[in-house]
There are 2 protein chains.
Amino acid sequence: MVIQLTSFDADVRPSGDFMAAVGGRSEGSAVPRSADVARLAGVSRKTVSRVLNNEPYVSEEARTKVLAAAEELGYRLNQAARTLASGRTGSIGVVALGTVGYGTASLLVHVERAVRDAGYALRVVNTPDGDPAGIAGAVESLLEQGVDGVIVSEPIVEGDVSVRVDVPVLFLGAPPAFNATRTVTMGVGAHELARAATEHLLDLGHTTVHHLAGPRRWYATKDRIEGWRAALAARGAHEPPLLNGDWSAASGHAVGEALASDRSVTAVFAAGDEMAIGLIHALREAGRRVPEDISVVGFDGNPVFAYVSPPLTTVRQPFEAAAREGIRLLVHAIEKPHTDLPQASDPPVELIVRGSTAPPPSPPDKTGRRTT
Amino acid sequence: MVIQLTSFDADVRPSGDFMAAVGGRSEGSAVPRSADVARLAGVSRKTVSRVLNNEPYVSEEARTKVLAAAEELGYRLNQAARTLASGRTGSIGVVALGTVGYGTASLLVHVERAVRDAGYALRVVNTPDGDPAGIAGAVESLLEQGVDGVIVSEPIVEGDVSVRVDVPVLFLGAPPAFNATRTVTMGVGAHELARAATEHLLDLGHTTVHHLAGPRRWYATKDRIEGWRAALAARGAHEPPLLNGDWSAASGHAVGEALASDRSVTAVFAAGDEMAIGLIHALREAGRRVPEDISVVGFDGNPVFAYVSPPLTTVRQPFEAAAREGIRLLVHAIEKPHTDLPQASDPPVELIVRGSTAPPPSPPDKTGRRTT
DNA sequence: TTGAAAGCGCTAACAA
DNA sequence: TTGTTAGCGCTTTCAA
């Protein structure tokens, strides 16, 4: 741990803005204003504004001069003033979960990139609990800071969130939790993915598939349960009782210890890669082989699990596509409020078959009895 | 994938602010201003401001009335106006890496929490490349948006970044890359951690330790190399050539394949958990046992790797402590610019010994020859 | 194509 | 303890 403090030059102002507010005018090394640029370029402030905002009706000559003057002065547009005058903030806020899992983290990274590519700045507020009160508070603080749009990313609980929102809202991976001027919902394919994972196991010959679910309060959990259920129902497979984890490998491990003695279990679809890893570990510790005795499928697609034994079969969530498409719609809602939303393309469902799945130890015969 | 668009009520304004800017006065359902609160509470706007900013010299009575009026109106302070008038933005910007690794993601989560706990909002800009140009652009955009302080989190390359920065800057996990009004540096203990990991292996009886490093351009890589080197030098151990990865499990796997045939290698310290996992996998595929033939230590402390075979011995980076302490110093620099920085406490070095390390297959005898 | 004037909603300084 | 006045730096309107 190193703490280094560069010598603090006492006559450096804490902030140019502060100094100016105190009374300094644009003299000496003070932070340049648009008036300074205008003066240097020999035009009006409004023309400077026009150039910097790419507005039409500016002569090439004026544009060139303004750009040169701005560059020379090291002029930086004051976003607060612009926001106050125009009502547009140029930023989008995201309410995220604040967990460090591969899934949520990579979703956030893609959101940041998509937002930036769309020309907006990003404000982030985490709500580790994801409950309605937390989300309401987070949205409230975002609105207060000033945002043109809000993204609510994978919130946890259902329940009505009570906030007054005048800007468009994008719900990523969950149904709308509150009303807003305009609401856009973008799923992350959890249902289809869960269904594909379950079907993969069924296709291998397993008579049914157990499901290790996440905490019941999460939307992500519900979606996966439903997908699993749909796959089972479509094949007429019996639906075994749910197994419960909390996304952590430790919880998967605990479930695996309890499950190991139940010889009727031959296939488990876990709602997260990490739970799957914990589950497999416990199973093997108890002497059950994976995939020979029990097949396990994960959920997320973290590439590192291609390098464990056995390499984990899993499904990949299309975070990048979901973030990109969702934000495209959100930005459309922000910038063209009175037009219809464009069509969103469906991201692909991607099943990654590796080594943790195989046919059941001994396929059931026609009567459904198992011949071990 | 579900796209849902709630019916768009045509007479809902796209934004209250916009409407007001167009000419509406505080009438009907327009967004309330501080003047509206003042009127309802029967005080002046300045008193409203005082109450909302927790300034002294307000009577209990006035405070109560203002709060009630604000609540009734659903008043929300306009941060842009406040910023313009006061010069303070109430937000801190972070320049992050935008990779989805466990390390960087969890650092970002802790940064968000610490920033919020300190009463600031967070702006995030990612620079996937982390190079000086990218960092400069990111800082520039943050400054333009308006921030009271900047955090540069684990940048990649050395090199001078050319930006004019009037606010304090916190460098997390790297030395200062540019000059600012005030610079604070907070390491994440990488050197000490790398040293502890290497020493653990040496203590086990290995004559030397190989190091699987990350991309050479990263500061994080350099720090770990230096820690490893220091441990080797302190014991008079021979320093083998560096192995090179890119943080991914795949790169660790590739190195492992090449390394498997070299029987002289008995201990490897990998600069990241995921590379360690890939390395171990390749080693075992080639018939070498871990830890019996080769010991491997990772770096990061992702708990999921306690549930693979063998459970990974690793060191945990004190992200939470580093973020909390670093931001404490940054906030101090922002709020009390003319005082000394407080003392920062050193986060603990934490070695997590699990199953991937053991004494060498057959300890060298006194002469240094190996008796296999 | 350009400019002058008038705010945006808030806080700072000062006076009361 | 409170209110008045005067901006913060920009965009908007409207006229030129």
Side-chain angles (χ1 to χ4, degrees), chain A residues 15-26 30-39 41-66 70 73 75-90 143-146, chain B residues 15-26 30-39 41-66 70 73 75-90 143-146:
Chain A
S15 145
D17 286 313
F18 174 75
M19 198 52 177
V22 162
R25 277 276 59 72
S26 4
V31 171
R33 310 284 134 78
S34 75
D36 300 312
V37 177
R39 199 173 309 126
V43 298
S44 73
R45 273 159 63 219
K46 177 58 210 176
T47 298
V48 172
S49 165
R50 274 193 266 256
V51 171
L52 267 21
N53 289 292
N54 278 313
E55 285 173 26
Y57 304 122
V58 185
S59 66
E60 249 338 293
E61 191 198 345
R63 164 163 277 115
T64 315
K65 279 193 300 188
V66 168
L73 260 25
Y75 173 69
R76 217 132 53 190
L77 218 153
N78 181 321
Q79 190 59 42
R82 186 226 275 274
T83 296
L84 186 56
S86 71
R88 267 172 264 104
T89 69
L143 257 19
E144 199 162 284
Q145 292 292 323
Chain B
S15 145
D17 287 314
F18 174 74
M19 199 52 178
V22 162
R25 281 273 59 70
S26 4
V31 171
R33 312 283 135 76
S34 75
D36 299 312
V37 177
R39 198 174 310 126
V43 298
S44 73
R45 272 160 63 216
K46 179 57 207 176
T47 297
V48 172
S49 165
R50 274 194 265 258
V51 171
L52 268 19
N53 289 292
N54 278 314
E55 285 174 26
Y57 303 123
V58 185
S59 67
E60 246 341 293
E61 191 198 345
R63 164 163 277 117
T64 315
K65 278 193 299 188
V66 168
L73 260 25
Y75 173 69
R76 218 134 51 190
L77 220 155
N78 182 321
Q79 189 60 42
R82 186 226 275 275
T83 295
L84 187 55
S86 71
R88 266 173 264 105
T89 69
L143 257 20
E144 199 163 283
Q145 290 293 321

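Residue numbers start from 1 in every chain, and the chains themselves are labelled A, B, ... in the order their sequence lines are given, proteins ahead of strands. The analysis underlying the following values was restricted to heavy atoms, covering all of them including side chains, and did not include hydrogens, waters or symmetry mates.
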Residue whose nearest DNA chain D nucleotide is more 5′ - B:Arg50 or A:Tyr75: B:Arg50
Sugar-phosphate only, base, or nothing, as touched by B:Ala62 at under 4.0 Å among non-hydrogen atoms: sugar-phosphate
Short side-chain N/O contact to C:dA4 OP1/OP2 from A:Ser44, under 4.0 Å: no
Side chain of B:Ser86 (C-beta onward), nearest among D:dC10, C:dG9, C:dA12: C:dA12
Rounded interatomic separation in angstrom, taking NZ from A:Lys65 and P from C:dT1: 15 Å
Whole-Å gap separating P (C:dC10) and CZ (B:Arg82): 10 Å
CG on A:Leu84 to CD on B:Gln79, rounded to 0.5 Å: 11.5 Å
Shortest side-chain distance from A:Arg88, nucleotide among C:dG9, C:dC10, D:dT12: D:dT12
Selection from C:dT11, D:dG9, D:dT11 that lies nearest to any side-chain heavy atom of A:Lys46: D:dT11
Below 4.0 Å: OP1/OP2 of D:dT11 and any side-chain N or O of A:Ser49: yes
Contacts of type side-chain contact (heavy atoms from CB on, under 4.5 Å), residue B:Ala41, not counting sequence neighbours: B:Val43, B:Lys65, B:Val66, B:Ala69
Contact residues, residues 51-61 of chain B to DNA chain D [heavy atom, < 4.0 Å]: B:Tyr57, B:Val58, B:Ser59
Protein-nucleotide distance (B:Asp36, atom CG; C:dG9, atom P), rounded to Å: 9 Å
d(CD, A:Glu144; P, C:dC10) in whole Å: 10 Å
N-O pairing of A:Asp36 and A:Arg33 below 4.0 Å: no
CG-CD distance between B:Leu77 and A:Gln145, expressed to the nearest 0.5 angstrom: 10.0 Å
Nucleotide C:dG7, atom P - distance to CG of B:Asn78 in whole Å: 18 Å
Nucleotide C:dG9, atom P - distance to CG of B:Leu73 in whole Å: 14 Å
Separation of D:dT5 P from B:Arg45 CZ (nearest whole Å): 12 Å
Distance test, side-chain N/O of A:Thr47 to OP1/OP2 of C:dT2, below 4.0 Å: no
Distance (rounded to the nearest 0.5 Å) between B:Ser34 OG and B:Arg76 CZ: 15.0 Å
A:Lys46 side, atom NZ; A:Glu55 side, atom CD - distance, nearest 0.5 Å: 4.5 Å
Integer-rounded Å distance: D:dG9 P and A:Gln79 CD: 15 Å
Side-chain donor/acceptor of B:Thr64 to backbone N/O of B:Glu60, under 3.5 Å: yes
